[in-house]
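Everything on this sheet refers to the single structure shown next.
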Number of protein chains: 2
Amino acid sequence: MLTIGETAELLGISAHTLRYYEKEQIVVPHREPGGDRRYDESHIGWLKFVIKLKETQMPIAAIRKYAALAAEGDHTSEDRLNLLAEHKRSIRAQLETLQAADEMLERKIAGYRTFIHS
Amino acid sequence: MLTIGETAELLGISAHTLRYYEKEQIVVPHREPGGDRRYDESHIGWLKFVIKLKETQMPIAAIRKYAALAAEGDHTSEDRLNLLAEHKRSIRAQLETLQAADEMLERKIAGYRTFIHS
DNA sequence: ATATTGATTAGAGCGTACTCTAAGTCAAGT
DNA sequence: ACTTGACTTAGAGTACGCTCTAATCAATAT
């Protein structure tokens with residue numbers, strides 16, 4: 001059971017951000033008698049997953065929706081599957097955009113090299 | 001020579017955005033005697049390039065920097081090359097992140113399918 | 001006993017990239 | 001002459017995702 005500071009450190013995000021995620025209903029940690037937050041293994045695993053989703057531009061709102069479904073129970077698993085499948089399609093689209101841009105830049109850079117060394 | 005509305009239409013962005021890009025020194029169109037903006041082929045080509053850069057998360061500030069170098073003349077081409085090469089590395093990093101996430105989601109989705117059909 | 005450290009809260013503020021509003025000008029069509 | 005529509009400006013507002021502030025509390029270290 002980690003404190004907010006330890007959890008932030010471990011995940012490479014700020015304690016501010018963890019409180020923000022709680023306000024957004026993305027993670028709801030346990031509380032100590034004094035009111036301090038405590039994050040257990042399941043919170044950490046979930047947060048690592050959230051961070052992966054964020055890295056791929058999934059909006060907070062969509063993550064919150066997914067979290068809400070997961071909190072509702074097993075009967076929402078099909079909805080969650082659909083959400084993830086849709087996000088996977090968005091990742092594929094991003095990959096294509098990036099690959100096209102990468103090639104475009106490659107050509108542009110080659111052009112510059114020719115120009116500079118001429 | 002296109003008006004701001006025609007240019008916006010052609011590029012799939014808003015006239016507001018074109019004025020914003022001008023304020024940010026990213027494109028400086030010609031002006032009619034009455035003050036209306038006019039975009040020529042070179043503006044359009046440059047804007048298409050800008051849009052490609054934006055699609056790959058290049059910040060407006062970096063694009064502005066690149067535009068400023070280009071406006072300065074041929075002697076900045078090496079700096080521009082470096083800017084593009086660096087951005088290309090960022091695209092590669094994004095590609096790796098997305099590929100990892102894609103695989104992670106593939107596994108997660110496969111897990112859901114097993115669960116749902118059990 | 002005091003100081004430091006790390007936590008709490010509500011709510012304000014920030015950076016990015018737009019996006020829109022208000023008030024107005026101007027040219028063309030009926 | 002009037003309307004329509006596209007344009008102009010400065011500046012305000014929006015959405016997102018944090019990020020920080022202020023005031024406070026509680027446990028530990030000296």
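What you see below is based on every heavy atom in this structure, not just the backbone, and it leaves out hydrogens, waters and symmetry mates. Here is the naming used below: chain letters follow the sequence lines, and residue numbers restart at 1 for every chain.
As judged by a 4.0 angstrom heavy-atom cut-off over every strand, B/Arg38 is placed among residues making no nucleic acid contact. Counting any heavy atom pair closer than 4.0 Å across all strands shown, B/Gly34 reaches no nucleic acid atom. Backbone-only contact: A/Arg37 has heavy atoms under 4.0 Å from sugar-phosphate atoms and none from a base.
The phosphate of D/dA10 has neither OP1 nor OP2 within less than 4.0 Å of any side-chain N or O from B/Lys23. Between C/dC18 and B/Tyr21, a contact under 4.0 Å exists linking OP1 or OP2 to a side-chain N or O. For the OP1/OP2 pair of C/dA7 and a distance below 4.0 Å, the side-chain nitrogens and oxygens of A/Thr3 include at least one atom meeting the criterion. Phosphate contact (OP1/OP2 of D/dT9, side-chain N/O of B/Arg31, threshold under 4.0 Å): present.
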Expected list for residues 59-72 of chain B: side-chain donor-acceptor pairs under 3.5 angstrom, two or more places apart:
| from | atom 1 | to | atom 2 | distance (Å) |
| --- | --- | --- | --- | --- |
| B/Arg64 | NH1 | B/Glu24 | OE1 | 2.3 |
| B/Tyr66 | OH | A/Tyr112 | OH | 2.6 |
| B/Glu72 | OE1 | B/His75 | NE2 | 3.3 |

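Salt bridge B/Arg92/B/Glu86: absent, no basic N to carboxylate O contact under 4.0 Å.
When rounded to the nearest whole Å, the span between CG of A/Leu18 and P of C/dT9 equals 13 Å. Rounded to whole angstrom, the span from the CG atom of B/Leu2 across to the C1' atom of D/dA6 amounts to 14 Å. A straight line from CE of B/Met58 to P of C/dT16 spans 15 Å, rounded to a whole angstrom. Look at OH on B/Tyr20: it is 17 Å from P on D/dA12, rounded to the nearest Å.
Remark: B/Gln99 CD is packed, more than 12 non-hydrogen atoms of other residues, nucleotides or ligands lying under 6.0 Å away.
A cation-pi contact, defined as under 6.0 Å to the ring centre and within 45° of the axis, links A/Lys108 to B/Phe49.
For DNA chain D, no neighbouring residue in residues 82-98 of chain A is found when judged by any heavy atom under 4.0 Å.
Counting only residues at least two apart or on different chains, the ring pair (Phe, Tyr, Trp, His ring centres under 6.0 Å) pairs with a member in residues 10-37 of chain A are A/His30-A/His43.
Side chains of A/Ser90 and A/Gln57 form no contact here, defined as non-hydrogen atoms less than 4.5 Å apart.
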